[in-house]
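A short worksheet on the structure shown next.
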Amino acid sequence: MSSTAIRTGGVHSALLCVETPLDAAGSPTALPRLYGNPVIFHQIKLLERCGIQEIAIAVGSVPAELPELVERVAGANLQVRIIRSGEVPAHEGLFTGDFLLVAPGIWMGAELIAEALSWPKNSIAILAESAGSERFERIDLNRRWSGFAVLDPSAIGHCAKMPEGWSIASFLLRHALQSGAREELLDQALLTNGKLRNISDGANVDDIASQLA
C-alpha cells in the first residue's frame, strides 16, 4: 500500500463499530483477515492516511487479538482506544470535534473516506434501494444507510437513551435522522466498483485485498 497522504478534510476523529460473532464457547471469533492482519487494521491505516488522528473502536466483546493490534497501530500521530459498546454512554466527551461513524462490516475506499471527511457535521450517506444495496441497513422502502455518517460529538451523549440490545451505529443513525441531519445520496457505482462494501460476514475480502495490493 502506498504511504502517500490523501487529501484531508475537517474531521479528525472516527468511531468504528465492530460486532464480532461468538463461537461455540462464547468467545469472539477472529476478525476477517487480509495479508495476515484483521480487516480493521487496514481500515485504521486508511483512516490515518486520510487525516484521522483519534479512533475509538466500540465492541460488544473484545477479541483477543484486538488490544495487541491497537498497540501496533497507535503512534505519535494516532490515538486508538477500545470501548465496550455498553460503556459508550459514559464517554459523552469522547470526541472534541465532529467524527466519522462507521457501522460494523463496512469497508470504505480511501477516496470515499477523504470525501466524507470534508462533509459538514450531521451528514448521513444514503443509498437508493437497488440491486446490490440489499446488504445495507434499510431506512425505509426507498433508502438504505451506507453504513457511515459524519456526526456532531454531542451525539455520543444521546447513547445514554439507547434501548437495550440496540446497535450503537443504528441508534446514532436513527437519532441523526430524527434530528434532521443532511442526507448525502451516494452514486450506486460505488457498490459496483468496490469503493463501498458491506463485509459483515467476511464476503468480498479477497476483492479488497486486490485493491490494497
Side-chain angles (χ1 to χ4, degrees), residues 5-19 39-60 62 66 69-70 73-127 136-137 139 145-162 166-184 186 195-196 198:
I6 296 174
R7 176 182 58 84
T8 61
V11 178
H12 301 289
S13 304
L15 175 62
L16 301 183
C17 300
V18 178
E19 294 176 357
V39 171
I40 192 173
F41 170 86
H42 302 284
Q43 287 179 313
I44 290 172
K45 287 298 185 181
L46 283 178
L47 289 167
E48 183 180 20
R49 290 176 58 210
C50 292
I52 291 294
Q53 298 170 350
E54 58 177 342
I55 295 174
I57 304 172
V59 293
V62 182
L66 194 54
L69 181 149
V70 167
V73 296
N77 299 317
L78 180 66
Q79 176 186 348
V80 185
R81 71 186 91 174
I82 302 171
I83 300 174
R84 290 187 180 273
S85 300
E87 299 172 351
V88 168
H91 294 267
E92 185 171 348
L94 182 62
F95 301 124
T96 57
D98 303 336
F99 67 96
L100 176 69
L101 169 68
V102 183
I106 299 300
W107 173 268
M108 303 166 62
E111 295 84 359
L112 183 56
I113 293 173
E115 177 184 345
L117 297 185
S118 69
W119 292 347
K121 64 183 177 182
N122 297 326
S123 297
I124 301 172
I126 301 296
L127 290 166
F136 294 83
E137 182 174 345
I139 296 175
W145 183 36
S146 67
F148 68 96
V150 174
L151 301 180
D152 184 284
S154 64
I156 296 294
H158 293 281
C159 289
K161 304 175 184 177
M162 184 171 63
W166 272 53
S167 158
I168 293 172
S170 292
F171 177 80
L172 289 173
L173 165 68
R174 304 296 165 177
H175 170 74
L177 288 171
Q178 292 172 5
S179 301
R182 169 181 174 269
E183 296 185 14
E184 180 76 23
L186 298 182
K195 293 182 179 179
L196 174 65
N198 185 317

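Note: hydrogens, waters and symmetry copies are ignored here, and every other heavy atom, side chains too, is used. Just so it is clear, the structure is predicted and the values come from calculations on it, not from any experiment.
Once rounded to the nearest 0.5 Å, the distance linking NZ of Lys161 with CZ of Phe171 reads 7.5 Å. A distance of 9.5 Å separates CG in Leu94 from SG in Cys159, rounded to the nearest 0.5 Å. Distance check, rounded to the nearest 0.5 Å: CG of Leu172 to NE2 of His158 gives 9.5 Å. Taking CH2 from Trp107 and NE2 from His42, the interatomic distance works out to 7.0 Å, rounded to the nearest 0.5 Å. Summarising the geometry, atom CG belonging to Asn122 is positioned 7.5 Å from atom NE2 belonging to His175; distances are rounded to the nearest 0.5 Å. Note that NZ of Lys195 is 9.5 Å distant from CD of Glu115, once rounded to the nearest 0.5 Å.
Partners of Glu183 according to the side-chain hydrogen bond (donor to acceptor under 3.5 Å, both in side chains) rule, which considers only residues two or more places apart in sequence or in another chain, are Arg143. Partners of Asp98 according to the salt bridge (charged side-chain N to carboxylate O under 4.0 Å, His left out) rule, which considers only residues two or more places apart in sequence or in another chain, do not exist here. Taking the side-chain hydrogen bond (donor to acceptor under 3.5 Å, both in side chains) definition, one finds that Glu48 meets it with nothing, sequence neighbours left out. With sequence neighbours left out, Asp152 forms a side-chain hydrogen bond (donor to acceptor under 3.5 Å, both in side chains) with Lys121, Ser154. In this view, Val73 and Phe41, Ile44, Lys45, Leu69, Val80 satisfy the side-chain contact (heavy atoms from CB on, under 4.5 Å) rule, not counting sequence neighbours. For Ser170, the side-chain hydrogen bond (donor to acceptor under 3.5 Å, both in side chains) partners two or more places apart in sequence, or in a different chain, are Glu137. Listed by chain and residue number, nothing satisfies the ring pair (Phe, Tyr, Trp, His ring centres under 6.0 Å) test with Phe136 (two or more places apart in sequence, or in another chain). Residues forming a side-chain contact (heavy atoms from CB on, under 4.5 Å) with Ala176 (at least two apart in sequence, or on another chain): Ile124, Leu151, Ala181. With sequence neighbours excluded, the residues satisfying side-chain contact (heavy atoms from CB on, under 4.5 Å) with Ala14 are Leu47, Ile52, Ile55, Leu100.
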*asked:* I'd like to know whether Leu177 forms a side chain to side chain contact (heavy atoms under 4.5 Å, CB included) with Trp145, so could you lay out the CA-CA distance, the side-chain angles of the two residues, the decisive distance to 0.1 Å, and finally the verdict.
replied: CA-CA 11 Å; Leu177 288 171; Trp145 183 36; over 6 Å; no
*asked:* What verdict does the side chain to side chain contact (heavy atoms under 4.5 Å, CB included) test give for Arg49 and Ile113, after you've listed the backbone C-alpha separation in whole Å, the side-chain angles of each residue and the deciding distance to 0.1 Å?
replied: CA-CA 10 Å; Arg49 290 176 58 210; Ile113 293 173; over 6 Å; no
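The minimum heavy-atom distance linking Met162 with Ser167 is given by the pair SD-O, 4.0 Å. Considering every non-hydrogen atom in both Cys50 and Leu117, the closest pair reads O-CD1, 3.4 Å. Closest heavy-atom contact between Arg84 and Gly60: NH1-O, 3.5 Å. Contact record, Leu101 with Ala169: CD2-O, 4.1 Å, taken as the closest heavy-atom pair.
A 4.5 Å side-chain heavy-atom check between Leu196 and Leu127 finds at least one atom pair inside the cut-off.
Only one option out of Val62, Val102, Leu66, Leu15 pairs with Ile57 in a side-chain contact (heavy atoms from CB on, under 4.5 Å); it is Leu66.
Formation of a donor-acceptor pair under 3.5 Å by the His12 side chain with backbone atoms of Gly51 is found in this model. At least one donor-acceptor pair closer than 3.5 Å links the side chain of Gln43 to the backbone N or O of Ile106. Counting only distance, with no hydrogens or angles, the side chain of Ser146 and the backbone of Ala125 share a donor-acceptor pair below 3.5 Å.
Using bins of under 30°, 30° to 60° and over 60° for the plane-to-plane angle, the ring pair Trp119/Phe148 lands in the parallel bin.
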